[in-house]
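These notes concern the structure reproduced below.
Every value quoted in this text rests on a predicted model; they were computed, and no experiment measured them. One is the number of the first residue; the rest follow in order along the sequence. Numbering of ligands and ligand atoms starts at 1, following listing order.
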Amino acid sequence: GFDYPDHINVGVELTDAMVERGHGDRTALIGNGRRRTYKELADWTNRLANAMVHDMGVKPGNRILIRSANNPALVACWLAAMKAGAVVVNTMPLLRAGELTQIVDKAEIQFALCDTRLMDEMATCAKQSRFLKSVVGFDGTSNHDAELDRLALEKPVQFDAVKTGRDDVALLGFTSGTTGSPKATMHFHRDLLIIADGYAKEVLGVVPEDVFVGSPPLAFTFGLGGLAVFPLRFGAAATLLENASPPNMIEIIEKYRATVSFTAPTAYRVMLKAMDEGADLSSLRAAVSAGETLPAPVYEEWMEKTGKAMLDGIGATEMLHIFISNRFDDHRPACTGKPVGGYEAKVVDDDGNEVPRGTIGKLAVRGPTGCRYLADERQKKYVWKGWNVTGDAFSMDEDGYLHFAARNDDMIISSGYNIAGPEVEAALLSHAAVAECAVVGKPDEDRGSIVEAHVVLAEGFDEDDEGLVKALQDHVKAAIAPYKYPRSIVFTEALPKTETGKIQRFRLKA
Ligand code: 3SK
């Protein structure tokens, strides 16, 4: 079990408490060309928390929106806001005023902290919203050259942090999922520690010598865990990149000898290619893949080139982080692994009954974290008889390993056959001409639906090539059961994605 005192404050746990445990001189954050130690982070966040309370008037329980790309100032604002007892809503930097206003009004947010470079949309949102009463700018480049930084610089480095209860809400994680309509998931202070003391400790075995790198925004709980909570919980270092393109990640891995990476399969494919051109990723001891299912060819090539298993995992914003994962010493291709310690998983039918092993059904999980939507009727659908039904179609094999089939919405029924879109995608991806692809069901008079593939071609391939469509169709027919082949193939420049990199198949269906 996870046993925490009645009162814990994650802002304190990840800073001052780490200094007390002897990590004060270790590097906590690397970003904007500088390193910050745990002691510097503790002082910085205490000054910021003083400014939030004494200048901005933040009270315990107030909700604070933070708008920033991944950088040390974002992490400092997030930790400081928790020290002040606030409930934080981290938001993606690309959001427009309309989307910000939806979030602000849904969560009745009073305060916003905004990187001054991203102020325009925030200011428009402030004009539109009836809840937001104060927007304060901070300097995302860490030169301390904005209002909040100036207020903080004149404050003491001591702060009497709010004694939040372990079951007080610390975080509202917004998810628009892959279907477009936003929900806020509530997470307690203890939840943020559980994901570190569970997954990060058990599966990754994080040590103070680790250096983390990755691409997911901290506004996505995959990123918040992987690039802030996990390193800071264990005295390790987090590198934060405003632009986490694969080349930038490679540069950071080489420069800081990063040991743990968090990103999605598409980025790992690019990194594998870069290895052929001399990129040195030998410092990585753990490569975590999530957000999209990990195609077997990527897993296999990684294994071949690094001698280490890439760790596929599945999480959900509703569950806060990863709850099923492969392990370093227990992993299989095209397999998501087994539940993380404390979690249970089963595969059920539409009535909630467990289906036989090997049969595809709905994934249901329960454990120390779970879904609590803020004021949302969809809670009843997500949590059913105490089990979280995540919206993913999975099967469990005889040995208890879980295998992803599709998002429930991504199952295609064609002439009575159930076809999992991602299986067709994996087959297409093993063809050299395919850089990226997404498979959806297209309504069809005769068959109900047909399989349609949207394909981004790899360099050197031309969509006008006669015979390319047939070559791809034949390739799929040879790789998996022929009835699953894409009867329609559409070539496209890019696939529609969420800011967290998930393909929005619903847009392709539309
Ligand atoms: O699998 C995911 O999409 C996910 C969502 C939230 C947190 C962590 C992960 C891996």
Side-chain angles (χ1 to χ4, degrees), residues 70 89-92 170-179 182-187 191-196 198-200 202-204 212 214-231 233 244 260-268 286-295 298-299 310-327 335-340 342-343 345 363-365 367-373 382 388-394 402-410 422 438 497-505:
N70 287 3
V89 182
N90 288 310
T91 59
M92 309 282 179
L171 179 76
L172 290 178
F174 267 81
T175 169
S176 55
T178 42
T179 54
K183 295 162 266 184
T185 63
M186 298 188 281
H187 298 290
D191 297 331
L192 286 160
L193 299 184
I194 285 169
I195 58 172
Y199 169 77
E202 180 209 323
V203 177
L204 302 178
F212 284 64
S215 62
L218 268 66
F220 178 25
T221 58
F222 180 39
L224 190 72
L227 298 174
V229 181
F230 300 167
R233 179 67 170 158
V260 183
S261 61
F262 274 77
T263 189
T266 329
Y268 283 122
V288 177
S289 171
E292 282 282 325
T293 186
L294 175 62
V298 179
Y299 162 95
M310 180 173 284
L311 293 180
D312 192 13
I314 179 162
T317 304
E318 286 81 353
M319 304 297 293
L320 191 54
H321 217 271
I322 292 176
F323 50 85
I324 296 172
S325 177
N326 273 309
R327 310 296 203 275
C335 170
T336 315
K338 290 187 170 172
V340 170
Y343 292 90
L363 179 68
V365 289
T369 60
C371 175
R372 301 171 208 105
Y373 286 135
Y382 200 96
N388 297 265
V389 183
T390 65
D392 299 288
F394 264 79
L402 287 139
H403 300 262
F404 176 79
R407 294 278 312 160
N408 286 338
D409 308 337
D410 296 337
K497 290 187 183 161
T498 64
E499 282 197 52
T500 61
K502 287 184 201 260
I503 298 168
Q504 292 174 307
R505 293 179 180 80

Student check: side-chain heavy atoms of Thr390 and Glu318 closer than 4.5 Å: no
Test item: side-chain donor near acceptor, Ser261 and Tyr268, under 3.5 Å: yes
Near-ring test Phe230/Phe212, centroid separation under 6.0 angstrom: no
Considering only N or O atoms, set out every pair between ligand 1 and the protein closer than 3.5 Å, with distances to one decimal place.
residue	atom	partner	partner atom	Å
ligand 1	1 (O)	Gly315	N	2.9
ligand 1	1 (O)	Gly315	O	3.1
ligand 1	3 (O)	Lys502	NZ	2.4

Asp392 (side chain) donor-acceptor with Leu363 (main chain) under 3.5 angstrom: no
Centroid-centroid distance, His321 to Phe222, less than 6.0 Å: yes
Minimum side-chain heavy-atom gap Val288-Tyr199 below 4.5 Å: yes
